[in-house]
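Structure, as structure tokens:
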Amino acid sequence: MKKNAKWMLAVGLCLAMIAGAGCAAKTPDPTQAPAATAAPRQTQEPAKLSGTLEVGGSTSVQPLMEALADAFMNENDGVEINVQGGGSGVGIASTADGLFEIGMSSRSLKDEEKAKGLKPVTIALDGIAVTVNAANPVNALTTEQIQKIFKGEITSWSQVGGSDAPIVVYTREAASGTRGAFLELMKLQDDEDKSLITDKALEANSNGSMKTNIAGNANAIGYISLGSVDDTVKAVDVDSVKASVDTVLDGTYPVKRPFLVVTKGEPTALEQAFMNYILSDEGQKMVTDKGYISEK
Amino acid sequence: MEEKLERKATRRRRTPAEFIMENLFLLCALASIAAVAVITVYLFVSGTPAIFKIGAKEFLLGTVWKPTEGQFGILPMIICSVVSTVLAVGAGGVIGVMTAVFMAELAPPWLTRLLRPCVRLLAGIPSVVYGYFGLTLIVPLIAKLSGFAGNSLLAVIVLLAMMILPTIISISEDALRAVPRAYKEGSLALGASHSQTIFKVLLPAARSGILSALVLGVGRAIGETMAVILVAGNTPQIPTSLFDSVRTLTINIAFEMSYAEGLHREALFATGVVLFLFIMALNILLNVLTRRREKKNA
């Protein structure tokens with residue numbers, strides 16, 4: 001009896017290992033599956049959609065994309081969409097490498113990125129809010145003041161009408177689309193596109209992490225997606241223009257950028273269906289509801 | 001006689017099963033060795049070329065890390081990793097060893113029974129939870145008290161000191177309990193007070209065990225990533241005060257690996273090589289310490 005048990009254990013373990021190896025060998029399949037299942041559907045349009053989409057990139061677009069993906073999955077039972085962050089740079093590079101089917105970016109594509117066969121579609125507009133702690137008495141800054149603060153030339157809040165406290169500058173990691181767009185719009189780059197932001201700046205690696213840091217530090221200043229500003233932080237007026245959907249829309253608020261989705265080459269049926277949904281009235285209503293600006 | 005024969009027979013019949021099982025165990029053991037070997041080879045193959053491309057001196061002693069502009073100096077990260085680890089183990093070590101003394105020598109048994117699961121629970125908390133705790137509590141507190149950014153070397157040290165406590169407490173306590181009873185009895189019989197006995201007899205006798213605990217603490221502190229990334233501020237600069245924003249070697253890798261390309265990516269692997277060498281040195285130190293203890297006990 002005992003002998004049998006040992007044999008069974010041994011055989012069981014062997015089987016488990018073989019099964020494990022089998023699973024490991026199979027893992028690449030799910031990523032290829034959607035392309036395979038979705039491709040034939042281009043011809044038979046009304047068929048039920050199914051498959052998996054990997055979406056990733058900008059952490060500014062991520063909250064909006066998650067809401068859109070949830071809604072799309074609710075309408076299409078067979079579809080699964082996984083949304084992850086990483087930053088615009090990651091979204092673009094990984095889509096070019098085929099890791100993501102759809103990449104998210106919160107800045108325009110560079111020429112060398114377009115050369116990789118990536119097709120951008122603008123799904124919304126968003127302002128970049130220059131953000132300070134909710135308790136900071138400073139409510140408005142000029143573009144020039146913002147430039148000097150981020151270059152490290154203005155170092156105390158008292159120089160811009162605040163309390164006598166050092167300014168703590170937060171920035172984002174190099175792959176961030178918000179950072180790219182902010183540097184460009186605020187002219188914080190030299191001729192070779194190198195960042196002029198002070199070396200003393202603290203770095204946060206996502207939109208959410210930046211917001212949490214600013215919320216926790218009375219002397220902080222940073223920049224986040226306008227759509228994710230809530231009452232934990234305060235967006236300051238830039239050149240006397242309040243940062244809001246209306247001012248971005250009428251063009252008076254200077255710091256805005258597009259939200260893009262990118263695909264490599266021609267989108268598959270499933271990718272196209274999801275992007276059509278995002279650009280549909282229903283999808284764009286969700287964009288507006290979330291505090292971003294509809295592309296239409 | 002009959003019984004003996006039967007036992008012999010069963011043993012012989014069991015041999016194939018034993019054979020398979022033995023080899024299965026061998027395979028399992030080899031798997032972990034293979035994992036270490038593969039990681040080591042991969043890390044060195046992908047990391048060392050960058051050190052030569054950048055230049056060992058520029059890489060290890062360079063003070064400017066601007067990967068997008070072709071400057072790859074990791075000295076700020078090395079200094080920050082070493083300083084934060086040493087100070088964290090200093091602070092955590094004192095608290096941890098004293099806690100161990102209390103649990104092994106002074107606390108009433110019911111309190112030890114309460115403390116021990118608490119310490120174990122502390123060890124089980126995922127590091128990202130420590131990080132979140134640090135980001136939402138320690139960082140704002142430091143910001144409020146100092147007026148500077150809360151994301152700082154100090155926040156890293158406080159957090160790391162907390163995270164290594166369980167390791168230091170449990171190993172030190174074991175070391176203290178392993179000190180032969182006769183030492184304590186002899187000391188007390190000679191008229192030494194309880195605290196004299198603890199500081200002059202028990203702690204010196206448990207020294208090598210406590211040292212091992214500290215070295216393991218160093219290993220945990222220098223390798224910690226997820227928690228410190230949330231509180232460090234991540235500025236690649238050489239800290240001049242406790243309130244400066246810092247970036248450790250581990251943060252440097254985790255922060256940029258997702259988007260780095262080309263030489264930048266290789267430089268991150270090279271950062272991993274440096275970290276790996278640190279950990280290897282620590283492991284050798286730990287081996288020497290344990291061997292010395294075993295020799296003494298033998």
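The sequence lines fix the lettering, A, B, ..., with proteins before strands; numbering per chain opens at 1.
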I229(B) versus chain A, heavy atoms under 4.5 Å apart: side chain, backbone, both or neither? side chain
More than 12 heavy atoms from other groups under 6.0 Å of OH on Y132(B): no
On a heavy-atom basis, which atom in G216(A) and which in A143(B) lie closest, and how many Å separate them? O-CB, 4.3 Å
How would you list, in number order, the residues of residues 149-168 of chain A that have a heavy atom less than 4.5 Å from chain B? P166(A), V168(A)
Turns out that what part of K144(B) lies under 4.5 Å from chain A's heavy atoms comes down to neither
Residues forming a side-chain contact (heavy atoms from CB on, under 4.5 Å) with A91(B), sequence neighbours excluded: A161(B)
Would you please go through residues 199-213 of chain A and name the residues with a non-hydrogen atom below 4.5 Å from one of chain B, in numerical order? D199(A), K200(A), A201(A), L202(A), E203(A), A204(A), N205(A), T212(A), N213(A)
Within residues 241-252 of chain B, which residues come under 4.5 Å of chain A, heavy atom to heavy atom? S245(B), R247(B)
